[in-house]
Amino acid sequence: MTAFILVSGMFTGTHIWQDTVAHLTAAGAEVHTVALTGLDGPRAGAAPRVDLETHIADVLAVIDSVVDAAGGAEDEDRRIVLVGHDYGIHPAVGAADRRAERIERIVYLDSGLPRDGVPALAAVPDQSLRERLAGADGADGVLPPPALDEWSRWGSTAGVPDAALDRLTALAAPQPLGTLLQPLRLTGAVEPVSTTGVLCTGNGTSIELVQMLVRLGDPALRPLTDPRVSFFELPTGHWPMLSCPAELTDVLLRAAAGEGHRLEPVDDTAGPGHLQPFLMDVPDVPRERHGNVDFYLPDAEEPRPAVVFVHGGPVPADARPTPRDWPGLTGYARCVAGDGAVGVLLDHRLHDLGDYERAAADVAAAVELARADPRVDQDRIALWFFSGGGLITADWLDTPPAWLRCLAATYPVLAPLPNWGLSETHLRPVRAVANAGDLPVVLTRVGREMPEIAATVEEFLAAAKDCGADVEVIDVPNGHHGFETIDVTDESRAAVRHALRTVLDHAFDGHAR
C-alpha cells in the first residue's frame, strides 16, 4: 500500500487537493493531506508565531500518524510518498530529514530545491517581494493572500477554471512570515531518499531546461542526475491539482512506482557542452582585458565599428570559467575582429533572476567603455544578445540611440517566463519592439528550442510584425539552444556565418572593412 501525504503551498490549505485525493483514492491509494498551522481550517490566520518549524511539526505529525496506524515502522509494505507543492516542499523536506527511514519518495511538485540554511523566501518568485521581506522582522507578521487578479505573480494559472480560481481566492489565508524567513535546517539524512520532480511546463519549466542547466556545470544541480531522481512534465500552469487533477494523479502513481525521466549525467571527461570548441576556426587576434570587459582587436589603424556581445544567464557567481572565456562567445568575438571590427565581450552580473537590472547596467557601462576607446568608431556600434540576456534588449529597442546600427539576438529569451517572478520588470522586449523604429534586428532562431523559450520568440516576432519592425530571422532548423558548441554541422556553420555577415554589414553601414 502506498500512502501519499500531500503538503500544500503558500496561502493554501487542504482544500486544493480535493479532486486529487478523490482520484488517488479511487485508484486504491491511501491519501492524507497536511493542515498547516495558520493556513488551514479554523486556525487559518489566527495562530501566533508560526514559522517553518511549526509547519515541519505539522508534517511530522501526519507521517507519525500514518506509521502508527500501520503498526509502526516495522510495516515494510507501507510506502510513504511525500508530496510538496510550491512552498510546501520546504516543510516536507524538513520533516523527511527527520523521518528519512520512513519515506519512500519525495515529490517536488512545481517547487524549488530547498537547501540547508536557506529560508523559503529564496524560492518566492516575486523578486520585489523578496527584497522587501529579506530584512523584515516577521516572527509575528503575515503576508496577505493574493487578490483574484494577483495569483499569476505566484505562478501561472494556465488551465485553472474560473470557478476554481474564485474558490482559491475565497479560501486563501495570510502566509505567516516566519514560515518564509526562518532558515531550513537539514542534517543530511534526507539525501538518500528517492525524489521525483513534477515540472509544469506552462509555468516556464521543463525537463529539457533543467537538463540544459545541468550541462552548464552548476555543482548544485549535479545531484539531479542521480538515478534515484526522476522527472515528469505536466502541460499546465502552477496549480495542476486544480487544472488537471486526473493527470496529476497518474503522474503521482507513476512516480510512486519509480517511473519517470532520468537526466543525462555530465560527462566529466568531455566537459559540459558550453565549453566545447566553437564550430568554426577562428582567427588569432589580440585580446585586451579591461576589468570585466575584453576587447578583441582587428588589424587596423583607424577607428572601427564594435560589436558588443552579451551572454545569457543566470550564471552562478562562482562559475569558472566565466562567460567571457566560453568558447562559443570568444569564437564570435574573434570572428568579428578577424573581419575588421572590434569584438567586445563582458561578464555581467546576471547571477540570479533578480539581477537583471544590474546586469543591464553592466551592459550599458561596457557599451560606454567601448565607445570611449579611440580604436572604436563611437557612431557605429552593434549589440548582440544570447539566451537569457535577451530580456536586456528591451532597453535598446525601446529607445535606440542613433549610433546603434544593429541589434542581434541568438536563441534569446524575449519575455520573462511565468515562474521567474518578473511581473514588474520593464525589461519586456515584446513591448519595447514597438519603439524600435528602423533599427535592424537580426534574430537567430533554433528549431529545437525549448518550448517555453520558443514561445517568447514567437510572441516577439508577432509583435514586431504588427508594428512593422525591421527583423531578419536566421533559422537553424536542427539547432539546439547553444548550438555553436554542441551542433557542429554545416547547417549551424552557415547560420553563424550568415548572422556575422549581416550584423557586420549593418555595423559598417557601407564603410570599407
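A distance-only check finds no donor-acceptor pair linking the side chain of Ser230 to the backbone of Arg262 [under 3.5 Å]. In terms of modelled atom types and a separation under 3.5 Å, the side chain of Ser156 and the main chain of Ala158 share a donor-acceptor contact.
A donor-acceptor contact under 3.5 angstrom links the side chains of Asp395 and His426, judged on distance only. Looking only at atom types and distance, the side chain of Glu449 has no donor-acceptor partner in the side chain of His480 under 3.5 Å away. There is a side-chain donor-acceptor pair under 3.5 Å between Asp51 and Thr54. Side-chain N/O atoms of Thr201 and Glu233 include no donor and acceptor closer than 3.5 Å. Side chain to side chain, Thr322 and Asp347 meet the donor-acceptor criterion of an N or O pair below 3.5 Å. Thr399 and Asn435 form no side-chain donor-acceptor contact under 3.5 Å, judged by distance and modelled atom types alone. Side-chain polar atoms of Thr410 and Trp384 form a donor-acceptor pair below 3.5 angstrom. Between the side chains of Arg105 and Thr196, at least one donor-acceptor pair of N or O atoms lies under 3.5 Å. Looking at Asp97 and Thr187, their side chains do bring a donor and an acceptor atom within 3.5 Å of each other.
Annotation: Asp466, atom CG; neighbour count of heavy atoms from other residues, nucleotides and ligands within 6.0 Å is above 12.
Look at Asp64 and Arg99 and you find a salt bridge, because one of the NZ, NE, NH1 or NH2 atoms lies within 4.0 Å of a carboxylate O, short of that distance. A salt bridge is defined here as a Lys NZ or Arg NE, NH1 or NH2 lying under 4.0 Å from an Asp or Glu carboxylate O, and Asp355 with Arg349 fails to meet this definition. Using a 4.0 Å cut-off between a side-chain N of Lys or Arg and a carboxylate O of Asp or Glu, Arg445 and Glu458 qualify as a salt bridge.
Among residue pairs with one or both ends in residues 244-255, those qualifying as side chain to side chain donor-acceptor pair (under 3.5 Å) are Arg254-Glu259; sequence neighbours excluded. Listed by first then second residue, pairs satisfying ring pair (Phe, Tyr, Trp, His ring centres under 6.0 Å) with a partner in residues 6-34 read Phe11-Trp154, not counting sequence neighbours. Here side chain to side chain donor-acceptor pair (under 3.5 Å) pairs that include residues 84-95, with residues two or more places apart or in two chains, are His55-Tyr87, Asp86-His238.
For the atom pair CG (Asp362) and CG (Leu350), the distance works out to 9.5 Å, reported to the nearest 0.5 Å. Going from atom CG of Leu168 over to atom CD1 of Ile16 covers 7.5 Å, rounded to the nearest 0.5 Å. Rounding to the nearest 0.5 Å gives a distance of 9.5 Å between CG of Leu199 and CD of Glu452. We find the CG-CG distance between Asp116 and Leu186 to be 5.0 Å, quoted to the nearest 0.5 Å.
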Could you walk me through whether His481 and Tyr411 satisfy the ring-ring contact (aromatic ring centres under 6.0 Å, His included) test, starting with their C-alpha distance in whole Å, then the side-chain angles of each, then the deciding distance to 0.1 Å, before giving a yes or no? CA-CA 6 Å; His481 201 94; Tyr411 41 81; 4.6 Å; yes
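Residues His311 and Phe386 keep their aromatic ring centres 6.0 Å or farther apart.
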